[in-house]
Amino acid sequence: MTPPAFGTGDASYQAAGGLEGLRRLVDEFYLIMDQEPAAHTVRTMHPASLELSRDKLTCFLSGWLGGPRLFSERYGPIAIPAFHAQWPIQQEHATLWLACMAKAIARQPYAPAFADYLLAQLRVPAQRIVQASRNRHQA
């Protein structure tokens, strides 16, 4: 039997290792962001304590990948581009964020096909955030 395609039902959530797998990914992501000098500009857009940021990203990824919709349960409606538009986020910031995430994904025990899929999918909200910021800060 062929497993369901990523993006169908909870296939992506399961491929990520469920909630625990997502926590590991997010923890690794923020560790990389703290350690990579190139990511400094993106890291400074976050609070000093990353506890809430970690939970919010984990909760977002859970629902976004077809798992439990924890973000809306804990924090209310998701408005990712609108929330991020408060900062002047440029393409270079999205590229840095995605580079940190690519390194975090590479450190996970994900199947290569899922790792490629996940990074490709994360480019979509990253670009929406850049566009929302552009629209707000050009006005």
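For clarity, every value in this text was computed on a predicted model and none was experimentally measured.
Contact annotation: the side chain of Met101 approaches that of Leu57 to within less than 4.5 Å [non-hydrogen atoms, C-beta and beyond]. Counting heavy atoms from C-beta outward, Ile78 and Arg69 have side chains that stay 4.5 Å or more apart. Side-chain contact between Met33 and Val42: present, with at least one pair of heavy atoms (C-beta onward) separated by less than 4.5 Å. No side-chain heavy atom of Leu70 sits less than 4.5 Å from a side-chain heavy atom of Thr58. Annotation: side chain of Glu28 is not in contact with side chain of Leu25 (no heavy-atom distance under 4.5 Å). Using a 4.5 Å cut-off on side-chain heavy atoms (C-beta onward), His93 and Val130 make no contact.
Formation of a donor-acceptor pair under 3.5 Å by the Ser62 side chain with backbone atoms of Gly67 is not found in this model.
Classified by interplanar angle (parallel below 30°, tilted 30° to 60°, perpendicular above 60°), the ring pair Tyr110/Phe114 is perpendicular. Note on ring orientation: taking the six-membered ring where Trp is involved, the planes of Phe6 and Tyr117 are tilted (angle from 30° to 60°).
Note that Lys56 lies outside the cation-pi zone of Phe71, set by a 6.0 Å cut-off to the ring centre and a 45° limit from the axis.
A distance of 7.5 Å separates CG of Leu98 from CD of Gln127, quoted to the nearest 0.5 Å. Note that the CG atom of Asp27 and the CZ atom of Arg23 stand 9.0 Å from one another [nearest 0.5 Å]. The structure places CD1 of Ile89 at 6.0 Å from CD1 of Ile129, a figure rounded to the nearest 0.5 Å.
Closest approach of Pro47 to Arg43, counting heavy atoms only: O-NH1, 2.9 Å. Nearest heavy atoms, Cys100 versus Ile32: O-CD1, 3.9 Å. Closest approach of Ala16 and Leu65 over heavy atoms only: CB-CD1, 4.2 Å. Of all the heavy atoms in Ala104 and Gln108, the pair that sits closest is O-NE2, 3.0 Å. Residues Leu22 and Leu61 approach most closely at CD1-C, 3.9 Å, considering heavy atoms.
Heavy-atom neighbours of His40 NE2 from other residues, nucleotides or ligands within 6.0 Å: at or below the threshold of 12.
Look at Arg54 and Glu51 and you find no salt bridge, because none of the NZ, NE, NH1 or NH2 atoms lies under 4.0 Å from a carboxylate O. A salt bridge links Glu36 and Lys103; the closest N-O separation between the charged side-chain nitrogens and carboxylate oxygens is under 4.0 Å.
Both Trp97 and Leu52 are part of a single hydrophobic cluster, where members link through side-chain heavy atoms under 4.5 Å apart. Residues Phe60 and Met45 share a single hydrophobic cluster, defined by chaining ILVMFWY side chains whose heavy atoms lie under 4.5 Å apart.
The six-membered or imidazole ring of Trp64 lies away from that of Tyr13, with a centre-to-centre distance of 6.0 Å or more.
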